[in-house]
Amino acid sequence: MDNQQQQQCRLALQALKAQLNDEIVSLQQSAQPVILDQQAVGRVSRGDALQQQNMALANLAQCRLRLHEVLHSEQKFDQAEYGYCEGCDKVINLSRLLARPDSRYCLDCQSASEQ
Ligand SMILES: [Zn+2]
């Protein structure tokens with residue numbers, strides 16, 4: 001990977017991190033305990049509100065996991081290991097990295113682990 005490609009991946013990683021942080025902040029608001037006050041809940045029933053809260057909590061857990069992956073990838077940058085598959089040590093395809101900058105594995109290793 002040349003410097004320009006590294007820079008592209010770094011930017012994609014930063015953008016993903018910012019996006020996840022934003023999402024976490026707004027999900028934390030949605031995951032606040034359900035307010036019993038009917039007026040505050042408005043036309044949404046308490047059941048719906050609870051369901052939304054549970055969904056927000058599930059999404060929040062997902063976002064936190066993904067953020068963990070992003071931080072892991074940032075460390076790989078610092079150790080000059082970014083872009084290499086953690087399974088087979090081969091270079092991960094650039095288009096894959098740009099689409100998913102927190103990829104740990106190349107496509108081959110990823111699909112092998114999913115089978
Ligand atoms: Zn691999």
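For ligands, and for the atoms within them, numbers begin at 1 and follow the listed sequence. Side chains are part of it too, since the values below use all heavy atoms of this structure and drop only hydrogens, waters and symmetry mates.
Paired with D102 under the rule salt bridge (Lys or Arg N to Asp or Glu O under 4.0 Å), one option of K17, K76, R66 passes, and it is R66.
Each protein N/O/S atom under 2.8 Å from the Zn ion (ligand 1) was counted, for a total of 4.
Put simply, L13 and Y84 are part of two different groups of oily side chains (I, L, V, M, F, W, Y) that touch within less than 4.5 Å, one to the next.
Looking at Q4 and Q8, their side chains never bring a donor and an acceptor atom within 3.5 Å of each other.
Looking at Q5, its side chain does come within 3.5 Å of a backbone N or O of D2 through a donor-acceptor pair.
Contact record, C9 with L97: SG-CB, 4.0 Å, taken as the closest heavy-atom pair.
Contact annotation: the side chain of K90 never approaches that of C106 to less than 4.5 Å [non-hydrogen atoms, C-beta and beyond].
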